[in-house]
Amino acid sequence: MTATTLQEPGPVERARWAATDALTVAGRDVAHWRRRPGAVLVGALFPVLLLLMFAYLLGGGMVVPGGGDYRDFLVPGMFVLAMVFGVEATMTAVVTDTARGITDRFRSLPMAPSAVVAGRCLADMASSVLGLTVLVAAALAVGWRPAGPGSALAAVGLLLLLRLAFLWIGIYLGLLVRDPSGVMAVQILVWPFAFLSNVFVAASALPGWLATLAEWNPVAGTVTAVRELLGSPTGDGGGWATEHATLLAVAWPVVLTVVFAALSVRRFQRLSA
Amino acid sequence: MTSAISLRGLTKRYGEKVVLDDVDLAVGHGAVCALLGPNGAGKTTAVRVLTTLTRPDGGRVEVAGVDVVRHPRAARRRIGLIGQQPAVDDVLAARENLVLFARLHHLDRRAAGARADELLEQVGLPGTGAQPVAEFSGGMRRRLDIAAGLVLAPLVLVLDEPTTGLDPAGRRDVWDAVRALVAGGTTVLLTTQYLEEAEQLADDVCVLDGGRVVARGTPRELTAAIGGDRLELVVTDPSRAAEAALLAERVAAAGAPEGADAGGERVVVPVSRRAGVVGAVVRALDEAGIAVDDVVLRPTTLDEAYLRITGRDRARTEVPA
Amino acid sequence: MTTTQAAPRPGTTAAQTEPAVRMRGLLKRYGGRAVVDGLDLEVARGEVFALLGPNGAGKTTTIEILEGVRKRDGGEVRVLGVDPAVGGRAWRARLGVVSQGEGAAQELSVREILDHFAGYHATPRPTAELIAAVGLEEKAGTRVSRLSGGQRRRLAVALGVQGRPELVFLDEPTTGMDPVARRQFWELIRGLRADGATVLLTTHYLDEAAELADRVGVVAEGRLVDVAPPGELGAELRRAATVRWTEDGAVREVRTESPAAVLRDLLAGPGDVPGLTVTRPTLEDVYLSLVAAASTARTAAEGDPR
Amino acid sequence: MTAVLPVTPAPRPAPPSAARIAVRRVGLELRLFFRERQQVVFSFAYPVIMLVIFAAVLGGDERPGDVPFTHYFLAGIAATGIMLTSFQAIGTSIATERENGQLERLQLLGTPPVAYFAGKAGQVLVTTAAQLALLLPLARYAYDVPMPADLQHWLTFGWVAVLGALAGTVLGVAVSALRGSAASVTTGISAVAIVLQFFSGVFFGFTELPSWMQQTAALLPLKWLTQGMRSAFLPEQAAAFEVAGSWEHGRTALVLAAWVIIGAVICARTFRWRRAT
């Protein structure tokens, strides 16, 4: 017998391999972008189109409670919405890999099991950063101006944290639905979800229980906090949720990530049933 | 000394349906075991359990002494899998796929590239490395998938119908690759519908039917259990086949001849003893003036044994009119 | 076997007596590369013809051109007397096809699918009969998504012969089938043949070709390199037989074109000759050398060092 | 074994007509549709959810001509629902069926494309009817939205819905020919649908849109479908607040019919049974 005594790697080496494997898996997505640039382009330009549409569509008629320009109010909301759209990109990738047997192939390899997910995270976060850059450029082009650079960086941090949460939601839903019509449903249902938040309209402008719902919408904290950090009008008249926007902007994504990561792990194990 | 692969009391249910029912199997280090059985007998499920893709409902499954349920990661480090459906990335080029999988086996960049080129050559895909897999035909995809499973010589290689859809040359390439791995100490479990493949490669054969092991042994043992040897001869003049069969039967004397085949000139006769039978038959035919093209004394083929074991040798249903 | 062609009866027209498939100089290119490169082939009515060849030799492309679902770049083709490029529904109704996928909705059961597609044919075979013929009785109520690979192939075969076709195209029909199902399939083909149908199949299993086919054609590098009844393919390659026996513990071997004479000499003595065999190259040996020769010829012609 | 039957078979009966196959296809399509629970729930629940949410968010608003928001919006959401069950559902399902080889089988059987499309159209009409039958009572009883006033308005509702569903179906067939995997075609189709909804005055009063959007939308079918729906649900005087100051029934019929024809031509030109190679 020649090579039967396999040494179990130590914790340091394991961590190193986990990182390398994740990079390798993410590199695969990057190679996809190179071969199919059209998909990347459409993904990045769709939020820009929406921004232009809403800026001109609602720009004139909307009054922001507490004063301020609607366009300045809208732009941070669109940043958040772009992060939410990421759920569908992640989902499509997961559905496709599972259908083609790639997921099973990865599962049978001696690579770090965390790397499949970590690689997905890296790739999707990278594409979101790219998309966000394009969107910011578009926002600057229509006349929006952020406040200081330090707080802008913090805003980006909060946005990416939210993207992470939606990434996990995407992984879970991708494992759940397994076909394109499921992706379509999620893609469309994002809209009512967004309208029930403060992305387009200030929560305080909504009637009674709806205002509460919009304030506590998982993205609402991020929207308000990003508006504050970027010096945009928040349009919100107070209330616990608004006052603790930054706390919510951190807490919601963390809770969502934990919940959906746990659900995904369970779902993943169910694949083995 | 433990076995390289050991299944004990393996049981798996999907809802009410029992797919694997108390399956025991042991494969020694460096051996090749072929898992045979009709479509839907549970072969793929057994493969999935062994490769940690599916959890069993009962029993113990060990690979190189590692429990696959309790230590799936450690088990995966010892297993290579080539599944039934090609699992390669369509968007990437063929070589990019292999480099990706080589990198995930922790080869460095240079070694991964070199290994990818070697593998493309080995599975008969040289010069196609830059082509996106989306443009590949079914057979080419299959070859690439096999290459992806051979990146590193694993301790235990599991192949689920590896040559399905491959042409005869491709089949030989795969057999050569498997033999080379076995020579290097790898243990192999393969499922196949192609019994010649089992005869070519396997030291041991295990037949599953309805989720149970219905027969096990070396190909030789299985065929011997079904009944002795066969004398096969091809006569030059097909019109004298029947006469030759009668003569051979009288000389070999172990039951009625199994008749002529589609071409009409091949005669198969069961024989009771090996010694001298070829000579005796040839002499008898020669005296009768019947010229012979081929004469082979061969054991019962695995095909014949298999059909008998799964009890379906008479499964010839009526033909739709 | 029925190799004798039925004489044309009075009143039959030329269209009815011409071969089921006839092609001359068939040409198909993908991106400048000729996949089918001047293929000539004729399949007689009532014949079972097996097309052999390596993966990527252009077999599937050829069959798809014959089925009228792919355009050709050159050559003359007639299928049942009609150019497949312009074949209409009535023509198509006379064909049966088993392609490489089953192409049925995953959410339907085997019986539902067969019942549904029965409605596309004028005189379909009864569903129950089809299910029995391919051995799917136990799976009749099972949805396609829950069938194994081999069971899906059986469904594909059932769909292919549902319309009582005159000419059946089978592209690797038994891939993934277990040996029992394969034999069952062979019976089905023999039944079709007995009904007078013409069968053109591709396969990688040479025992299958030998078992079923009246003639086999070997395609390599987009051309037909040989065509003959399975027993006569590569006649000159087969002529030499090998006589083997054991003498003083060593294996002796003689290659000869007249094994009978060698045998007579060997058996002249009183004792037994241990380990005596006479073998000729198998169909697979012949096939492999034909294909290798074709690819060598091609590379030599192109001056490619590989 | 000998061939006892004649090599030359008796003349065959003609294959079943396109119409008979179309009827079979409708049955099959419906059975498949209702077998996918996810899709059923989504198709029927989506317009309802949208109505509930938008009524809640913007319920207090009024649209041009003092029309309460829910009244105005019901027309829009009915139009969106029709687009969902026709354009989006058809585009997605054909791309998927092509990808997994179901269309290849139909081609090999010599299925007339018309029969296949008719099957899709039949399924769309039935599911659209079911969807509206769920939406309208909800709007009527939960939100007090008035239903079409008389038989004539119901007839208007009927022909607008049928024409819209047909246009959606043929355009769905047309876009399914786009290159790419089924998943990416799906993503593209719903992105188009979303933009279309905003341009066409589904969510906002059409006259409130910037004029370039109005002009773009006037070329597209959803705007006319939505406007036609408004003409069925809203009182006569609301017509004064349309762009043209009237319901423009003639033009609505013309544009929708034109799209049916344009879509049919595109289908005839681009429809493929197989994936491009």
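Order of the sequence lines sets the chain letters (A, B, ...), proteins ahead of strands, with each chain counted from 1. No hydrogens, no waters, no symmetry mates; every other heavy atom, side chains included, goes into these values.
- Contact of Pro86(B) with chain A is made through the backbone alone, with heavy-atom distances under 4.5 Å.
- The two residues Ser197(A) and Val219(A) have their closest heavy-atom pair at CB-CG2, 3.9 Å.
- There is no side-chain donor-acceptor pair under 3.5 Å between Asp22(B) and Thr11(B).
- Residue contact with chain A, scored on non-hydrogen atoms closer than 4.5 Å, involves the backbone and the side chain of Ala148(B) alike.
- For Thr133(A), the side-chain contact (heavy atoms from CB on, under 4.5 Å) test picks out Val129(A), with sequence neighbours left out.
- Both the backbone and the side chain of Arg28(A) come within contact range of chain B, judged by heavy atoms closer than 4.5 Å.
- In this structure, the portion of Arg35(A) lying under 4.5 Å from any heavy atom of chain B is its side chain and not its backbone.
- Only the side chain of Arg14(A) comes within less than 4.5 Å of a heavy atom of chain B; its backbone N, CA, C and O stay farther away.
- With no hydrogens or angles considered, no side-chain donor-acceptor pair links Thr192(B) and Glu161(B) at under 3.5 Å.
- Residues passing the side chain to side chain donor-acceptor pair (under 3.5 Å) test with Arg103(B), sequence neighbours excluded: none.
- Highest contact tally toward chain A, considering only Asp145(B), Thr186(B), Ile79(B), Val91(B), is held by Val91(B) [criterion: heavy-atom pairs under 4.5 Å].
- At a heavy-atom separation below 4.5 angstrom, chain B is approached by no residue within residues 77-86 of chain A.
- Across Thr20(A) and Arg16(A), no two heavy atoms sit closer than the pair OG1-O, 2.7 Å.
- For Thr191(B) and Asp160(B), the side-chain atoms include at least one donor-acceptor pair closer than 3.5 Å.
- For Val156(B), the side-chain contact (heavy atoms from CB on, under 4.5 Å) partners at least two apart in sequence or on another chain are Ala4(B), Ile5(B), Val63(B), Val158(B), Thr187(B).
- Both the backbone and the side chain of Leu92(B) come within less than 4.5 Å of a heavy atom of chain A.
- Residue Asp57(B) does not touch chain A at all, counting heavy-atom pairs closer than 4.5 Å.
- Side-chain polar atoms of Gln84(B) and Thr44(B) form a donor-acceptor pair below 3.5 angstrom.
- Stacking of Arg171(B) on the aromatic ring of Tyr194(B) is recorded, both the 6.0 Å distance cut-off and the 45° axial limit being met.
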